[in-house]
Amino acid sequence: PQLLFNFAQLSGQTDPAVASKALMTLLEIEPENLDARLLLASLLLEQDRVKDAALVTKSITNVKTAEQRDYLLYIRAY
């Protein structure tokens, strides 16, 4: 799982579609992975897939850090 996340982080800048697929695979394995969910939402926003990004973050009800909270609020405000 960590390898998929690292791959998505690295490839997200050059090929967000490939990174998104890697993160979707990761979320099938670890559906509660908040960092992966937030990164996926961010990549979807970059691809102008606002509705998909909203769906990805809809299930998030609890965050662990202030950084995650702020990032989630930013994505939802978009």
Side-chain angles (χ1 to χ4, degrees):
Q2 186 63 41
L3 183 60
L4 278 173
F5 186 75
N6 292 343
F7 173 76
Q9 284 181 309
L10 292 173
S11 64
Q13 296 175 358
T14 56
D15 196 348
V18 171
S20 296
K21 288 180 184 179
L23 289 168
M24 286 185 222
T25 301
L26 175 57
L27 288 172
E28 288 177 10
I29 298 167
E30 293 181 345
E32 299 300 319
N33 188 325
L34 184 59
D35 291 324
R37 195 167 292 280
L38 290 172
L39 181 58
L40 176 58
S42 175
L43 291 171
L44 291 170
L45 285 177
E46 289 177 16
Q47 299 173 56
D48 292 324
R49 296 172 56 188
V50 177
K51 289 183 181 181
D52 292 334
L55 288 174
V56 167
T57 60
K58 185 177 181 181
S59 66
I60 299 173
T61 58
N62 193 17
V63 294
K64 296 178 182 175
T65 67
E67 181 180 305
Q68 290 173 336
R69 179 202 63 214
D70 294 344
Y71 200 54
L72 176 62
L73 291 174
Y74 170 77
I75 291 169
R76 286 186 175 167
Y78 196 89

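Worth saying up front: this structure is predicted, and the values here are computed from it rather than measured.
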Next item on the list: Would you kindly confirm whether Leu55 and Leu43 end up in one hydrophobic cluster when ILVMFWY residues are joined by side chain heavy atoms under 4.5 Å apart?
Entry: no
Check: Which other residues belong to the hydrophobic cluster containing Phe7, where Ile, Leu, Val, Met, Phe, Trp and Tyr are joined when side-chain heavy atoms lie under 4.5 Å apart, directly or via other members?
Finding: Val18
Item checked: Option from Leu27, Leu26, Asn33 for which side-chain contact (heavy atoms from CB on, under 4.5 Å) with Leu40 holds -> Leu27
Notebook entry, point to check: Which residue pairs satisfy the side chain to side chain donor-acceptor pair (under 3.5 Å) criterion with at least one member in residues 11-22, sequence neighbours excluded?
Noted result: Ser20-Gln47
Item checked: Over 12 foreign heavy atoms within 6.0 Å of CD1, Ile29 -> yes
Item checked: Interatomic spacing from OH in Tyr71 to OG in Ser42 - rounded to 0.5 Å -> 3.0 Å
Note to self: Taking side chain to side chain contact (heavy atoms under 4.5 Å, CB included) as the definition, give me every residue that meets it alongside Asn6, ordered by chain and number, with sequence neighbours left out.
What the structure shows: Gln2, Gln9
Checklist line | All pairs passing salt bridge (Lys or Arg N to Asp or Glu O under 4.0 Å) where residues 27-48 contributes a residue, at least two apart | finding: none
Note to self: Grouping I, L, V, M, F, W and Y whenever their side-chain heavy atoms are under 4.5 Å apart, do Leu23 and Ile75 come out in a common cluster?
What the structure shows: no
Item checked: Listed partners of Val63 passing side chain to side chain contact (heavy atoms under 4.5 Å, CB included), at least two apart -> Leu34, Ile60, Gln68, Arg69, Leu72
Note to self: Measuring from atom OG1 of Thr57 to atom CG of Leu38, what distance do you get when rounded to the nearest 0.5 angstrom?
What the structure shows: 8.0 Å
Checklist line | For Arg49, salt bridge (charged side-chain N to carboxylate O under 4.0 Å, His left out) partners two or more places apart | finding: Asp52
